[in-house]
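In what follows, a single structure is set out as C-alpha cells and then discussed.
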Amino acid sequence: MKNNIQIKKVKNICCIGAGYVGGPTMAVIADRCPNIRVEVVDIDKNRIKQWNEKNIKNLPIYEPGLAEIVKRCRGVNLHFSNLVKEKINNADMIFISVNTPTKKKGLGAGKASDLRWVEESARQVAKFAKGHTIVVEKSTLPVRTAEVIQGILTSAELDNDKEEISFNVLSNPEFMAEGTAIQDLEKPDRVLIGGDNLEAMTALLEIYARWVPKEKILFTNIWSSELAKLTANAFLAQRISSINSIAALCEATGADVREVSRAIGTDSRIGSKFLDSGPGFGGSCFKKDILNLVYLAQYFGLNEVANFWESVVNLNNWHQNRISELIVKKLSGTVSGKKIVVLGFAFKANTNDTRESAAIQICKDLIEEGAKILIHDPKVNEMQIEKDLNMKKYERVQNEQEQKLFINKGSWKFSEHLNIFDDAHGVLLLTEWEEYKNIDWIEVSNKMVHPGWVFDARSIIEPGKIRATRLNLWRIGDGTVVTENQ
Ligand code: NAD
Ligand code: UGA
C-alpha cells in the first residue's frame with residue numbers, strides 16, 4: 001500500500017452484491033447518511049430488477065422494515081444497478097458483500113469457502129477503481145482473506161500503465177440475522193472494524209457513528225476481525241446443537257426442554273438467548289461458517305479443534321433426521337400414501353430465505369418414505385420449494401395406470417392458504433410464523449384422519465389447544481407426553 005495518502009470524507013459508497021446482506025445493510029447506511037450516495041451493484045440482472053420494482057412488496061428479500069426504508073431512499077441516495085464498472089469507478093469506499101458458499105470441488109471441497117466471487121470482485125475493483133479507495137470486506141471470509149484481496153489490489157497499484165491509484169483493505173463483518181436485519185442494523189450490539197490503517201478505519205467508523213454509539217464500534221487487527229465473525233456464528237450454532245441434544249434426552253427421560261432452558265438461562269453466565277430447541281439450525285451461514293472453521297483448524301494441524309466444531313454440524317444433521325424418523329414411527333411405522341401438512345418452509349420466521357432450512361431435508365425424507373406433503377409458507381414461493389426439493393410438484397394423474405404408480409409414491413404440493421387439513425394424517429410445524437399460533441385446532445381435528453398427529457418442532461402451539469381435540473401431540477423436547485388419543 002502506498003504511504004502518505006490523504007483519506008477524504010466518504011461521499012460515494014459502492015456495494016458489490018445486492019443480496020440478503022448487501023441490500024439491507026446499504027439501505028440502512030443510505031437512510032442514516034443522507035449526504036452519502038450509495039450504489040448497490042450486482043451481476044444478477046433479475047435481482048436488480050426486483051430491487052427496482054415499483055411495487056415495493058416485490059423486493060427480492062422479505063425483511064420487516066426493509067420496504068419502508070427502500071421506499072424512502074431509493075432514487076434519492078440509494079440506487080440499484082448492474083453498472084459494476086461505473087459505480088466502482090466513482091466510489092471512495094467499496095463494500096464487498098458477495099456470496100461465499102462452501103466449495104463443491106477441489107482442495108478443501110465440502111468445508112473451505114469458495115472465494116471465486118470475492119476474488120472476482122477484488123479484480124473488478126483493481127481494474128476500475130480511481131484515486132484512493134477503501135475496500136471493505138463485508139462478506140464472511142476465512143482468516144487471512146484480506147491478504148488475497150490486498151495482493152490483487154497491490155498488483156493494480158504497481159501497474160505503471162494505470163493512473164495513480166491506491167487502496168486500504170478493512171474487515172467489517174456483518175452480524176445481522178435474517179428476520180430482524182433492520183433492527184439489528186439500526187441497533188447493533190457492536191460494529192467490528194479490523195484493519196491496520198487508523199485513518200481508513202476512522203473513515204468507516206464515521207459512517208457508523210451517525211447512528212451507533214462510539215463505544216459499540218470496536219477496532220481490532222484484520223485477522224481477529226475475520227476470525228471473530230466465524231467464531232460468533234460457531235458459538236451461536238453450538239448453543240442450538242447443545243439444546244437440541246438435550247431435547248432428545250428430555251423426550252427420553254420425561255423432562256421438558258423448555259423448563260431446562262429456562263432453568264439454565266437464568267444463570268447470567270449462560271444467558272437465556274439462543275436456547276430454543278427447534279428442527280435444527282438452517283440459514284446460509286451457520287453450517288458453512290463452522291465448516292470453514294473446521295477446515296482452518298485442519299489446515300493448521302489442530303485436529304481436536306476441528307473435530308470439536310464439526311460435531312456441532314453432525315449433531316444438527318442427526319437431529320433433523322431424528323425428526324423425520326419419529327414422524328414415521330408415530331404414524332404407525334409408515335407414511336406411505338399419507339397426507340402430511342407441513343407448516344413453514346423458511347429456515348426461520350420473518351424471512352423468505354430457505355437456504356439450509358431444516359424443512360428441506362425433513363420434507364425430502366418424508367417424500368422418500370412415500371408421504372404426500374402439502375406445504376404452506378406465507379413468504380416462500382412454490383418455485384423456490386421446487387428448487388430446494390429438486391423435484392417437480394405433483395400436478396394431476398392422467399390415467400389409471402399413473403394413478404396406481406402414484407399411490408405409493410411420495411409427492412409434494414404447495415398451498416397459499418391454510419384451508420389444507422382435509423384428510424391429513426399429520427401436521428408438521430417447522431417455522432414459527434405468527435399466523436400458525438392462531439390455528440383453530442378443533443376445526444383442524446374435525447377435518448383430519450384419526451388417529452391424527454400434530455408434530456410441533458418449534459413449540460409454538462399451546463398443548464391445551466390440542467388436548468381439547470382428538471389429536472395427538474408431539475412437541476420438540478417434551479418428555480411429558482402431552483396427549484395420547486390413539
Ligand atoms: P447472497 O447470495 O444473497 O448475495 C450475494 C450477491 O452477490 C448475489 O446477488 C450475487 O449475484 C452477487 N455477486 C456475486 N459475485 C458478484 C460480482 N462479481 N459482482 C457483482 N455481484 C456479485 O448472499 P448474502 O446472504 O447476502 O451473503 C453475502 C455474504 O455475507 C456471505 O459471505 C455471507 O456469509 C455473509 N453474511 C450473510 C448474512 C445473512 O444473514 N445472509 C449475515 C451476515 C453475513
Ligand atoms: C445468524 C446469526 O444469528 C447472525 O448474527 C449472523 O450474522 C448470520 O447468521 C450470518 O452470518 O449469516 P441467521 O442465520 O440469519 O443469523 O438467523 P438466526 O436467528 O441465527 O437463526 C439461525 C437458525 O437457528 C434458524 O434456523 C433458527 O430457527 C435457529 N435457531 C435460532 C434455533 O433453532 N433456536 C434458537 O434459539 C435460535
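Note that the structure is predicted; figures quoted are calculated from it, not measured. Indexing begins at 1, ligand by ligand and atom by atom, following the structure's order.
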Polar proximity ligand 1 side, Glu178 side, N/O cut 3.5 Å exclusive:
yes
With a cut-off of 6.0 Å (strictly less than), are more than 12 heavy atoms of other residues, nucleotides or ligands near CG of Asn46?
yes
Short N/O distance, under 3.5 Å, between Asp42 and ligand 1?
yes
Under 3.5 Å, is there a donor-acceptor pair between the side chain of Trp211 and the main chain of Val28?
no
Is it true that the side chains of Ser113 and Asn292 contain a donor and an acceptor less than 3.5 Å apart?
yes
Go through the side-chain N and O atoms of Thr100 and Lys288 and say whether any donor and acceptor fall under 3.5 Å apart.
yes
Report the part of Ile240 (side chain from C-beta onward, or backbone N, CA, C, O) that has a heavy atom under 4.0 Å from ligand 2; answer both or neither where that applies.
side chain
Identify the closest protein heavy atom to atom 20 (O) of ligand 2: which residue and atom is it, and at what distance?
Phe274 CZ, 3.1 Å
Atoms in ligand 1 with a heavy atom of Ser97 nearer than 4.0 Å
5 (C), 28 (C)
Can you list the atoms of ligand 2 that are under 4.0 Å from a heavy atom of Arg458?
28 (O)
On a heavy-atom basis, I'd like to know which of Thr100, Val125, Val118 is closest to atom 32 (O) of ligand 1.
Thr100
Evaluate Ser277 against Asn244 for side chain to side chain donor-acceptor pair (under 3.5 Å), listing each step before the verdict.
CA-CA 5 Å; Ser277 182; Asn244 284 341; 2.7 Å; yes
Between ligand 1 and Val21, is the shortest N or O to N or O distance under 3.5 Å?
yes
Find all atoms of ligand 2 within a distance of less than 4.0 Å from any non-hydrogen atom belonging to Cys285, and give their numbers and elements.
10 (C), 11 (O), 12 (O)
Around atom CD of Glu206, are there more than 12 heavy atoms from other residues, nucleotides or ligands closer than 6.0 Å?
yes
Within the 4.0 Å heavy-atom cut-off, what Lys229 brings close to ligand 2 is side chain
State whether the shortest distance between N or O atoms of Arg355 and N or O atoms of ligand 1 falls below 3.5 angstrom.
yes
Between Trp309 and Phe235 (judged by ring centroids, cut-off 6.0 Å), do the two rings come close enough to count as a pair?
yes
Quick check: Tyr20 and ligand 1, any N/O pair under 3.5 Å apart?
yes
Exam field: side chain Thr431 to backbone Trp433, donor-acceptor pair closer than 3.5 Å:
no
When distances are taken from atom 19 (O) of ligand 2, the protein heavy atom at minimum range is Lys348 NZ, 2.8 Å
Is Phe281 close to ligand 2, meaning an N/O of one under 3.5 Å from an N/O of the other?
no
What is the nearest protein non-hydrogen atom to atom 35 (C) of ligand 1, stated with its residue, atom name and distance?
Thr140 OG1, 3.4 Å
Please classify the Thr180 to ligand 2 contact at 4.0 Å (heavy-atom distances, strictly less than): side chain, backbone, both or neither.
neither
Show which atoms of ligand 1 fall inside a sub-4.0 Å distance from at least one heavy-atom site of Lys229.
43 (C)
Lys45-Asn82 side chain donor-acceptor pair, cut-off 3.5 Å
no
At under 4.0 Å between heavy atoms, is it the side chain or the backbone of Glu174 that contacts ligand 2, or both, or neither?
backbone
Residue of the set Asn99, Thr351, Asn352 for which side-chain hydrogen bond (donor to acceptor under 3.5 Å, both in side chains) holds with Tyr20
Asn352
Considering Val84, Ile48, Val98 one by one, which has a heavy atom nearer to atom 29 (C) of ligand 1 than any of the others?
Val98
Where's the contact between Leu275 and ligand 2, heavy-atom distance under 4.0 Å: side chain, backbone, both or neither?
backbone
Strictly under 6.0 Å, is that where the ring centroids of Phe414 and Trp412 end up?
no
Phe347-ligand 2 polar pair, N/O distance under 3.5 Å
yes
For the residue pair Ser459 / Arg258, report whether a side-chain donor-acceptor contact shorter than 3.5 Å exists.
yes
Looking only at N/O atoms, are Asp44 and ligand 1 under 3.5 Å apart anywhere?
no
My understanding is that we take every heavy atom of each candidate and find the minimum distance to atom 34 (O) of ligand 1. Doing that for Lys288, Arg47, Met176, which one comes out nearest?
Lys288
For Asn99, counting its heavy atoms only, list the atoms of ligand 1 lying under 4.0 Å from any of them.
2 (O), 5 (C), 6 (C), 7 (O), 10 (C), 12 (C), 13 (N), 14 (C)
Could you say whether the N/O atoms of Glu120 and ligand 1 ever approach to under 3.5 Å?
no
Under 6.0 Å between the ring centres of Phe345 and His376?
no
Is there a side chain to side chain donor-acceptor pair (under 3.5 Å) between Ser242 and Gln238? Walk through the geometry before answering.
CA-CA 6 Å; Ser242 297; Gln238 174 269 114; 2.9 Å; yes
Check each of Ala122, Cys285, Ser121, Ala181 against atom 33 (C) of ligand 1 and report the one with the nearest heavy atom.
Cys285
Would you find more than 12 non-hydrogen atoms of other residues, nucleotides or ligands less than 6.0 Å from Asp196 atom CG?
no
Check: of Gly282, Pro173, Gly283, min heavy-atom distance to atom 23 (C) of ligand 2 comes from Gly282
Under 4.0 Å from ligand 1, counting heavy atoms only, is it the side chain of Ala177, its backbone, both or neither?
neither
Ligand-residue contact atoms, ligand 1 with Gly17, heavy atoms, under 4.0 Å:
6 (C), 7 (O), 12 (C), 21 (N)
Value for CG (Leu192) from CG (Asn172), rounded to nearest 0.5 Å, stands at 7.5 Å
